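The structure presented is a predicted model; accordingly, all values stated were derived computationally and were not measured.
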Amino acid sequence: MTCPICRYETGEGKYCKKCGARLIIEESPVFAAMKEQAAVSEVYSINRTSVSSKGDRPQTNQGEPALPVYTPPDIPFQTAGRQHGEEAEEEPNPYWTSLKLYGQLYGEYFLKGIKHPFSAAVATDSSQFLNAMVSMLLYVLLLPLTIYATLHHELQGLPAGAFAELVVKPVIWIALFMFLLNVFTYAAVKLSFNPAVKLKEVMARFGTLLTLFLMLYVVSLLFLFLNGDISKVIILLSFISTLMTVPLLVMTSYKRRMVGGLDPLYAILLVYVAVMLVIVILGNSMIGYITGF
């Protein structure tokens, strides 16, 4: 019979011959709990024996080698807390990660539009609509900003409130003008080239072709420090080229799938006429603000 406390093999009887503990014969819940406690005590004593014997493997009462017991490293509380804090600080912000990822995607889209504008526009579909909207937004912001910077450089300063009148307020009209220009281009493509075309796809190709003119506006700002006249020429060239070339290139980026319909020449001429009418209507309000200084 095995003693439930010291695990000593003793003969039959009511008490252990080694420790004097009462021997329990029946397999009761109390006996099972005592056996489990004895096993834990034995493992603990084996672990202490292994530490005190300087690496010698401990032996059990039966002469068999005991299984190695894992001892967790002693990590100070302050060090563990600091490591947890550093891990929490290093956790990236999901919004910032998404923003950086989209910045990389738009950078690739922008470089393709700079290197091969027309080829990139032909390969563009509605999946690039968000990138195109970003390009249009940049165009709407850069156009009045370059005009303001040029006037500020030429006049050696502007009155108070000029930034709001020349940059902030015209943004709404320029955005409306850009949207109408896309709608006119979409109507020309639908009437002359592809009746099944979608506005979203036309706007995606339109935005792809704007990347070159965005770069020209940035270059015009740099030329303010060298020659203001060159800067004004670049701004004027970029704006006129946007009106004259982008709608035409968007139209020709589609293969003509209709035998009848409006002739492409008349279609592009109608776009130009509609653009001129919009410029006259919206331009009067903008010129009124500019001439007020």
Would you say [Y] ends up clustered with [X] if hydrophobic residues are merged whenever their side chains have heavy atoms under 4.5 Å apart, either directly or through other cluster members?
{"X": "I279", "Y": "F206", "answer": "yes"}
{"X": "L222", "Y": "F239", "answer": "no"}
{"X": "I234", "Y": "L221", "answer": "no"}
{"X": "V233", "Y": "L226", "answer": "no"}
{"X": "V202", "Y": "L249", "answer": "yes"}

Which distance, rounded to the nearest 0.5 Å, do you find between the [atom1] of [X] and the [atom2] of [Y]?
{"X": "I230", "Y": "L237", "atom1": "CD1", "atom2": "CG", "answer": "12.5 Å"}
{"X": "E201", "Y": "Y254", "atom1": "CD", "atom2": "OH", "answer": "3.5 Å"}
{"X": "L214", "Y": "S238", "atom1": "CG", "atom2": "OG", "answer": "9.5 Å"}
{"X": "L248", "Y": "M251", "atom1": "CG", "atom2": "CE", "answer": "7.0 Å"}
{"X": "I147", "Y": "L142", "atom1": "CD1", "atom2": "CG", "answer": "11.0 Å"}
{"X": "L270", "Y": "S192", "atom1": "CG", "atom2": "OG", "answer": "10.0 Å"}

Check this for me: [X], atom [atom1], are more than 12 non-hydrogen atoms of other residues, nucleotides or ligands nearer than 6.0 Å?
{"X": "F223", "atom1": "CZ", "result": "no"}
{"X": "K112", "atom1": "NZ", "result": "no"}
{"X": "I172", "atom1": "CD1", "result": "no"}

| query | Okay, side chain of R256, backbone of N194: is any donor-acceptor separation there less than 3.5 Å? | reply |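 Here the side-chain-to-backbone pair does not exist.
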| When you measure from the side chain of T146 to the backbone N and O of L143, does any donor-acceptor pair fall under 3.5 Å? | yes
Side chains of [X] and [Y] in contact at under 4.5 Å (non-hydrogen atoms):
{"X": "M203", "Y": "M136", "result": "yes"}
{"X": "I235", "Y": "S231", "result": "yes"}
{"X": "F213", "Y": "V246", "result": "yes"}

| note | Minimal heavy-atom distance between P144 and V167, with the atoms involved, is O-CG2, 3.8 Å
| request: Provide the closest heavy-atom pair for A132 versus G207 in the form atom of the first, atom of the second, distance. | output: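 Heavy atoms of A132 and G207 come nearest at CB-CA, 3.8 Å.
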When the side chains of residues 114-124 are checked against the rest of the protein, which donor-acceptor pairs come out under 3.5 Å, sequence neighbours left out?
unit_1 : atom_1 : unit_2 : atom_2 : d
T124   : OG1    : A120   : O      : 2.5
T124   : OG1    : T208   : OG1    : 3.3

| Derivation of the side chain to side chain donor-acceptor pair (under 3.5 Å) call for Q104 and Y109 | CA-CA 9 Å; Q104 295 176 356; Y109 167 85; over 6 Å; no
| If we ignore angles and hydrogens, is there a donor and acceptor under 3.5 Å between the side chains of Q128 and Y106? |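 Y106 and Q128 do not have a side-chain donor-acceptor pair below 3.5 Å.
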Using residues 174-187 as the side-chain source, report each donor-acceptor pair under 3.5 Å to any protein atom, sequence neighbours left out, with the distance given to one decimal.
unit_1 : atom_1 : unit_2 : atom_2 : d
N182   : ND2    : M178   : O      : 2.7
T185   : OG1    : L181   : O      : 2.8

| task | Before giving the answer on side chain to side chain donor-acceptor pair (under 3.5 Å), spell out for T242 and Y139 the whole-Å C-alpha distance, their side-chain angles and the decisive distance to 0.1 Å. | result | CA-CA 10 Å; T242 301; Y139 189 96; 2.9 Å; yes
| said: Please determine whether side chain to side chain contact (heavy atoms under 4.5 Å, CB included) holds for the pair K255 and F193, giving the CA-CA distance in whole Å, both sets of side-chain angles, and the decisive distance to 0.1 Å. | reply: CA-CA 7 Å; K255 293 182 179 179; F193 283 84; over 6 Å; no
